[in-house]
Chemist: 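Okay, handing you the structure first.
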Amino acid sequence: MKKNQIKYTCLLVVILVFSGCTDFLTEKPVDFRSSVNSFKDKESVYSGVLGLYQLYTDLYIHKTTPFIGELGTDESIASANQAGLSAIYRYSLTSNDLYVLPDWYAIHYKLISSCNSLIDRVNTNFPAPDQDILRMLGEAKALRAWAYFRLVQTFGPVPLVTKEMMSDIDWNVGRAPVKDIYAQIVTDLTEATVTGVLPATKDAKDPIRISNYVAKAMLGKVYLTMASTKETGIVDDLLSKISRSDWGYSKITETPKELYQKAEEVLTDIKNNAGISLEPDYRKLFVAEYKNQFAENMWELQASDGKATANPNRGFYFLYNYGIAVGNSMVTAYNAIWQKYVMFAPALMLRGMQTINNQVVYVGGYEESDKRKPWVLSGGRMVTDAQNVAHPQYWRAIYNVGTKVFQPIDKAGKSVANQEGTWSTDTWFYTCVTKFRFYLDKPLDELTSYTDVNSLPLNFTVIRYADVLLMLAEASMKANDGIATDLTAECMNLVRSRSRNENNPLAYDELPLYDKATLTFENILNERKLELCFENVRWFDLARTGKLLEKYNLAIPAAANNQTTHPVITDTKHYLYPIPQSQIEVSLNKTDMFQNYGY
């Protein structure tokens, strides 16, 4: 007991040391600079590594930052009552934004700075590291790589700092070319994935700690992103518009095909050797009572137990917005259907094959025989465009929970009629997300013992095995010059087979297994949306593949094209976010600390 108290006391000290920051280069452990004795024993290194994981978890704790990877796509719509989230959704964030972008930028650099300090100190203090120390160094390198990966995806060139700063801040550090950022990312992940550095399986004692195959999944995603972003050339075009052609993906040595081949190789290794399979019941992956129980959830950030008295404010704000709250889902949060934090999906997510102008077309949503549909999207909210603009607080809604229909009362005390049968192209229809829940089988409106929304008990999964399979399907196709292979079809069908409700007679017609002869990249991209929706993946997928504007705009019905509330986006500048202006202003390197095009 005493040992555990010491362990968590050390962890708290490290977390406190790692927190409290201003600009990114000052976000470093203060005691690292003042104490030559830090990280001289395994216990302190271990506590420091757990502190690194907590820093990354902070991205998802009561912050809007993770919505950068989710909103502004074809699967998520922000509530009109949330100005910050609506700004991400509408692409109206500017370089002078004071909340979202500075947090995203600062927290990642806070993690990087802390990783640098730990790595440098441990390398100095342990010249002949044993297995435990090698593992913790590998974890720090993988986390540093992941932080840089997220930054380069959202901003393009960013400052590259890999050493602990022992003196005053060097404000001459400017942005570094994309190829240099990726070189560091690949180096870190390659070193972390050396056999024997990280364990092969999830740590039962500390399940947040990454395994060898999690680091390999990171590396596979990195290669896939390098390949597809270089292939589209959109980021390079944006950089060329500000005379920075040499700073883009074109300067990465490998060709897109070579990078796809590297992605295929590392992802195949996971498939063949990790011993992981898909959890048969898709629903359980997103239920609080089953956290840390399934190998498919390869890397789970750890939440509190959901009680206000234990680890308060350690719940995932991101998940709170996408389903889970006071009831078994967001449907009855605070008994208010207009609860301002509710997030939505566009109507097309509910629709598969549709007849339009006498032609049967697939519009990109769930088929009726898809088992994921009633779990992920169990309710709807309907509103005309005029109502949306004038009275967002009076949106009409109908929630279906199993066979029970809820007809909520509007604020005037009048019953809202069921308008489920009145969908039309002139109606702007939202569907409520119910993917993340407390319990598997309880009704969505059943109250739970979890009354503190800031301490939600559900973990957030960063890397899932289904994602690995779908990345491998894509890499295999692209490495084969865009032609599907047997491996492409196999990976796609593993995911599709689980999603198919075989008790539904339409299942084999609506969701036939993929044939490699007809399988397309569009199939893969859409399957990624249906399988991984609301898991902070979609924006990165659409940005790297050059599909961001196309998919975002297609999700908006023509009648709802309102440039204030639901704008059509045509400027490719949105493939990169603006560098926070505050960082540019304090920099002494005005040449290399430049702003992205269009901001």
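No hydrogens, no waters, no symmetry mates; every other heavy atom, side chains included, goes into these values. Because the structure is a prediction, the values reported are computed rather than measured.
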Chemist: Please determine if K478 forms a cation-pi arrangement with F521, meaning its NZ or CZ atom is less than 6.0 Å from the six-membered ring centre and no more than 45° off the ring axis.
Modeler: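 Ring-cation test returns yes.
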Chemist: Under 4.0 Å between a side-chain nitrogen and a carboxylate oxygen: does that hold for E296 and K202?
Modeler: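 So E296 does not pair with K202 through a salt bridge.
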Chemist: Does Y599 have K573 sitting over its ring (NZ/CZ under 6.0 Å from centre, angle to axis within 45°)?
Modeler: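 Yes, K573 sits over the ring of Y599.
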Chemist: Centre-to-centre under 6.0 Å for W299 and F460, is that the case here?
Modeler: no
Chemist: In terms of side-chain heavy atoms, does N292 have a donor or acceptor partner in N459 at a distance below 3.5 Å?
Modeler: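 Yes, N459 and N292 have a side-chain donor paired with an acceptor closer than 3.5 Å.
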Chemist: Students often mix this up, so state it plainly: with edges at 30° and 60°, are the rings of F436 and F286 parallel, tilted or perpendicular?
Modeler: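 Plane angle over 60°, so perpendicular.
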Chemist: Should the pair R528-E535 be classified as a salt bridge under the 4.0 Å nitrogen-to-oxygen rule?
Modeler: no
Chemist: Would R150 and F155 count as a cation-pi pair here, with the cationic atom under 6.0 angstrom from the ring centre and within 45° of the axis?
Modeler: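 No, R150 does not sit over the ring of F155.
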Chemist: Are any of the side-chain nitrogens in R498 or E531 under 4.0 Å away from the carboxylate oxygens of its partner?
Modeler: yes
Chemist: Quick one: is the NZ or CZ of R244 closer than 6.0 Å to the six-membered ring centre of F594, and within 45° of its axis?
Modeler: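 Yes - R244 lies over the ring of F594, closer than 6.0 Å to its centre and within 45° of its axis.
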Chemist: Below 4.0 angstrom, N of the basic side chain to O of the carboxylate: do K291 and E300 qualify?
Modeler: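 Here K291 does not pair with E300 in a salt bridge, since their nearest N and O are not under 4.0 Å apart.
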Chemist: Is it true that Y182 and Y249 have ring centroids separated by less than 6.0 Å?
Modeler: yes
Chemist: Regarding K373 and E367, does a basic nitrogen lie under 4.0 Å from an acidic carboxylate oxygen?
Modeler: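 Not counted as a salt bridge, because no side-chain N and carboxylate O are separated by less than 4.0 Å.
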Chemist: Cut-off 3.5 Å, side chains only: do Q302 and D206 have a donor facing an acceptor?
Modeler: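 There is no such pair (donor and acceptor under 3.5 Å, judged by atom type) between the side chains of Q302 and D206.
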Chemist: Quick test of your reading of the model: are K547 and D74 salt-bridged, counting only N-O distances below 4.0 Å?
Modeler: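 Not counted as a salt bridge, because no side-chain N and carboxylate O are separated by less than 4.0 Å.
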Chemist: Pairing donors with acceptors under 3.5 angstrom, does anything connect the side chains of E265 and Y223?
Modeler: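 There is no such pair (donor and acceptor under 3.5 Å, judged by atom type) between the side chains of E265 and Y223.
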Chemist: Looking at F67 versus Y89, is the centre-to-centre ring distance below 6.0 Å?
Modeler: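 Centroid separation for F67 and Y89: 6.0 Å or greater.
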